[in-house]
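Notes follow the structure.
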Amino acid sequence: MRETPITPAARTKPDAPRATRPGDLSADLLAWYDQHARDMPWRTGPAARAAGQRPDPYHIWLSEVMLQQTTVAAVRAYFLRFTALWPTVADLAAAEDARVMGEWAGLGYYARARNLLKCARVVVAGHGGQFPDNRAALLSLPGVGPYTAAAIASIAFDRSETVVDGNVERVMARLFDIHTPLPAAKPELTEKAALLTPHARPGDYAQAVMDLGATICTPRKPACALCPWHDPCLARARGTAPDLPRKTPKKAKPIRLGIAYIARRTDGAYLLERRPDKGLLGGMLGWPGSDWAETTPVPAPPIEADWQPVPEEARHTFTHFHLRLQILTAQIDQGANPQRGTFLPPEDFRPSDLPTVMRKAFDLAHASFVDRN
DNA sequence: GATACGTGGTA
DNA sequence: TTACCAAGTAT
């Protein structure tokens with residue numbers, strides 16, 4: 001959906017030059033954004049903003065945390081669910097940890113969810129339920145780094161702060177034809193981005209640069225012909241745009257192996273564990289099992305039973321390794337006591353509360369429970 | 001500065 | 001199938 005342009009004059013004069021003033025990059029980008037801003041549930045579009053509507057800082061914060069290393073498409077549904085369940089930061093602060101972790105399941109980078117709760121509670125207990133309105137104070141909040149602090153300050157509070165995310169890095173590397181590989185180029189790209197940041201409409205501008213990177217100045221096959229910065233772009237002129245930004249090569253992912261035990265009690269309860277707060281999938285529910293290592297570890301089962309192997313292993317790729325997970329299942333009688341984990345009855349366990357790798361294991365095990373009847 | 005930390009979409 | 005990529009932060 002397109003926002004109504006707030007500069008109708010630009011429409012009525014078809015021969016008007018694209019540049020408001022020659023060389024005024026931010027103005028050119030804002031003019032583009034007025035017509036091409038994408039619709040997002042957390043966004044107050046340029047027209048609504050011009051009409052005096054203000055974004056809710058809670059919505060901006062929540063969406064920005066969710067958007068860290070995550071696509072808009074993936075975030076949309078999570079954002080709508082979170083705001084429906086917890087309409088204010090005070091509601092979120094009062095929520096149970098397990099409930100919030102369960103709702104975050106599937107979105108990844110679970111430290112974000114742990115810090116989300118910490119941050120909400122700091123805002124309520126330490127700031128009277130109001131988010132700080134400046135970059136420095138925002139930066140002290142859990143889970144809020146340089147990008148997110150600048151995003152909230154500019155979008156929610158009209159501060160002229162510079163957001164530097166992956167989009168901005170790519171756009172700056174191309175606009176100025178910078179060949180230094182990331183992450184070493186970050187300071188230089190940040191400096192360029194800061195030079196372009198306007199004092200007028202900083203929130204719209206921040207979103208505009210990121211939208212430009214997401215829709216026009218894309219990693220592959222950038223649509224330079226449609227770009228409001230076509231003329232000033234050095235990399236476009238030199239033909240280097242598709243190769244920028246350069247990045248230092250990544251290390252290959254090793255393969256790790258593991259075992260997961262999935263026990264189903266006759267009343268439909270499953271044997272689950274809450275993972276420790278630190279480390280991979282920290283704070284999330286999971287199946288008892290082995291650590292994940294280069295060689296197959298053989299841990300003791302969490303409960304005595306007739307364990308049956310599931311024919312297919314669960315395969316999953318994390319940020320820094322591939323995992324192949326062997327699954328063993330067992331039916332458990334009422335009253336049996338596990339040595340590890342807790343039986344969660346159906347009313348206390350939704351498969352959607354599981355992180356994806358655990359959900360994959362569950363889906364494979366479920367088939368074997370059904371087969372066995 | 002380097003590493004740990006998820007996931008789903010795409011070529 | 002594999003590898004890369006996306007609105008980063010914490011340590």
Side-chain angles (χ1 to χ4, degrees), chain A residues 37-38 40-43 59-79 101 104-116 118-119 138-152 154-156 161-171 181-187 190 193 203 205-215 217-222 242 245-256 275-284 286 292 315-323 354-360:
Chain A
R38 295 183 295 165
M40 300 175 196
W42 51 87
R43 177 174 277 183
H59 288 180
I60 300 305
W61 163 73
L62 179 61
S63 64
E64 289 300 343
V65 171
M66 287 181 167
L67 286 163
Q68 291 167 6
Q69 295 288 286
T70 309
T71 58
V72 169
V75 165
R76 203 180 289 269
Y78 282 83
F79 175 84
M101 299 310 288
W104 196 276
L107 201 53
Y109 285 139
Y110 298 101
R112 293 185 295 172
R114 304 194 299 272
N115 285 327
L116 193 78
K118 278 189 203 165
C119 183
L138 288 161
L139 205 42
S140 70
L141 297 171
V144 176
Y147 163 77
T148 305
I152 299 171
S154 62
I155 298 169
E161 298 289 355
T162 304
V163 298
V164 183
D165 70 335
N167 290 304
V168 177
E169 289 175 349
R170 184 171 57 257
V171 169
L182 283 166
K186 177 111 182 180
T190 300
Y205 175 81
Q207 294 172 96
V209 202
M210 295 190 283
D211 268 22
L212 185 71
T215 62
C217 196
T218 50
R220 285 170 292 216
K221 300 185 178 182
R246 294 182 52 189
K247 298 193 177 180
T248 53
K250 292 168 186 171
K251 284 196 287 191
K253 292 174 168 53
I255 296 174
R256 292 192 193 173
R275 297 174 64 90
D277 257 354
K278 300 218 167 193
L280 194 65
L281 309 182
M284 299 300 290
W292 301 335
R315 290 187 171 210
H316 191 75
T317 297
F318 293 98
T319 313
H320 52 295
F321 64 93
H322 301 287
L323 176 67
L354 294 171
T356 299
V357 64
M358 301 297 177
R359 179 64 186 276
K360 284 183 183 175

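Only heavy atoms go into these numbers, but all of them, side chains included; no hydrogens, no water, no symmetry mates. Order of the sequence lines fixes the chain letters, A, B, ..., with proteins taken first and strands second; residue numbering starts at 1 for each chain.
- Residue M40(A) is classed as a base contact, given a heavy-atom separation below 4.0 Å to a base.
- Here the C1' atom of nucleotide dT1(C) and the NE2 atom of H322(A) are 10 Å apart, to the nearest Å.
- K118(A) meets the salt bridge (charged side-chain N to carboxylate O under 4.0 Å, His left out) test with no other residue; sequence neighbours excluded.
- Backbone-only engagement by K250(A) is indicated by non-hydrogen atom pairs under 4.0 Å involving sugar-phosphate atoms exclusively.
- Applying the salt bridge (charged side-chain N to carboxylate O under 4.0 Å, His left out) rule to E64(A) yields no partners; only residues at least two apart in sequence or on another chain are considered.
- Heavy atoms of G282(A) sit nowhere under 4.0 angstrom from any nucleic acid atom.
- When the C1' atom of dG6(B) is taken as reference, atom CG of L116(A) falls 16 Å away, rounded to whole Å.
- Following rounding to the nearest Å, Y110(A) (OH) and dC5(B) (C1') show an atom-to-atom distance of 11 Å.
- As judged by a 4.0 angstrom heavy-atom cut-off over every strand, L281(A) is placed among residues touching the sugar-phosphate backbone only.
- Residue H320(A) places no side-chain N or O under 4.0 Å from the OP1 or OP2 atom of dA4(B).
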What pairs of nitrogen or oxygen atoms, one from the protein and one from nucleotides 8-11 of chain B, lie under 3.5 Å apart?
residue	atom	partner	partner atom	Å
dG8(B)	OP1	T356(A)	OG1	3.4

Could you pull out the protein-nucleic contacts involving nucleotides 8-11 of chain C (nitrogen or oxygen on both sides, under 3.5 Å)?
residue	atom	partner	partner atom	Å
dG8(C)	OP1	G166(A)	N	3.2
dG8(C)	OP2	Q69(A)	N	2.7
dG8(C)	OP2	Q69(A)	NE2	3.0
dG8(C)	O5'	Q69(A)	N	3.3
dT9(C)	OP1	G145(A)	N	2.8
dT9(C)	OP1	G145(A)	O	3.3
dT9(C)	OP1	T148(A)	N	3.0
dT9(C)	OP1	T148(A)	OG1	2.8
dT9(C)	OP2	P146(A)	N	3.4
dT9(C)	OP2	Y147(A)	N	3.2
dA10(C)	OP1	G143(A)	N	2.6

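- Residue contacts shown for K186(A) are absent, as no nucleic acid heavy atom lies under 4.0 Å away.
- Within the model, atoms OG1 of T317(A) and CG of L323(A) stand 8.5 Å from one another, a figure rounded to the nearest 0.5 Å.
- Annotation: of the two residues near DNA chain B, T317(A) and P187(A), the 5′-most nearest-nucleotide partner is P187(A).
- Annotation: of the two residues near DNA chain B, K251(A) and A111(A), the 5′-most nearest-nucleotide partner is K251(A).
- At least one side-chain heavy atom of R43(A) sits under 4.5 Å from a side-chain heavy atom of D211(A).
- For the pair R315(A) CZ and dA3(C) P, the interatomic distance rounds to 13 Å; values are reported in whole Å.
- Note: T148(A) OG1 to I60(A) CD1 = 12.0 Å, rounded to the nearest 0.5 Å.
- Here the CD-CZ distance, from Q68(A) to R112(A), works out to 6.0 Å after rounding to the nearest 0.5 Å.
- Taking the ring-ring contact (aromatic ring centres under 6.0 Å, His included) definition, one finds that F79(A) meets it with W42(A), H59(A), sequence neighbours left out.
- Nucleic acid contact for R170(A): sugar-phosphate only, since backbone atoms but no base atoms lie under 4.0 Å from a heavy atom of the residue.
- Going from atom CG of L281(A) over to atom CG of L354(A) covers 10.5 Å, rounded to the nearest 0.5 Å.
- Rounded to an integer number of Å, the gap from NZ of K253(A) to P of dT3(B) is 13 Å.
- Atom NE2 of H320(A) sits about 9.5 Å away from atom NZ of K253(A), to the nearest 0.5 Å.
- Checked against ring-ring contact (aromatic ring centres under 6.0 Å, His included), F318(A) has the following partners two or more places apart in sequence or in another chain: W292(A), H316(A), F321(A).
- The CZ atom of F321(A) sits 10 Å away from the P atom of dT7(B) (whole-angstrom rounding).
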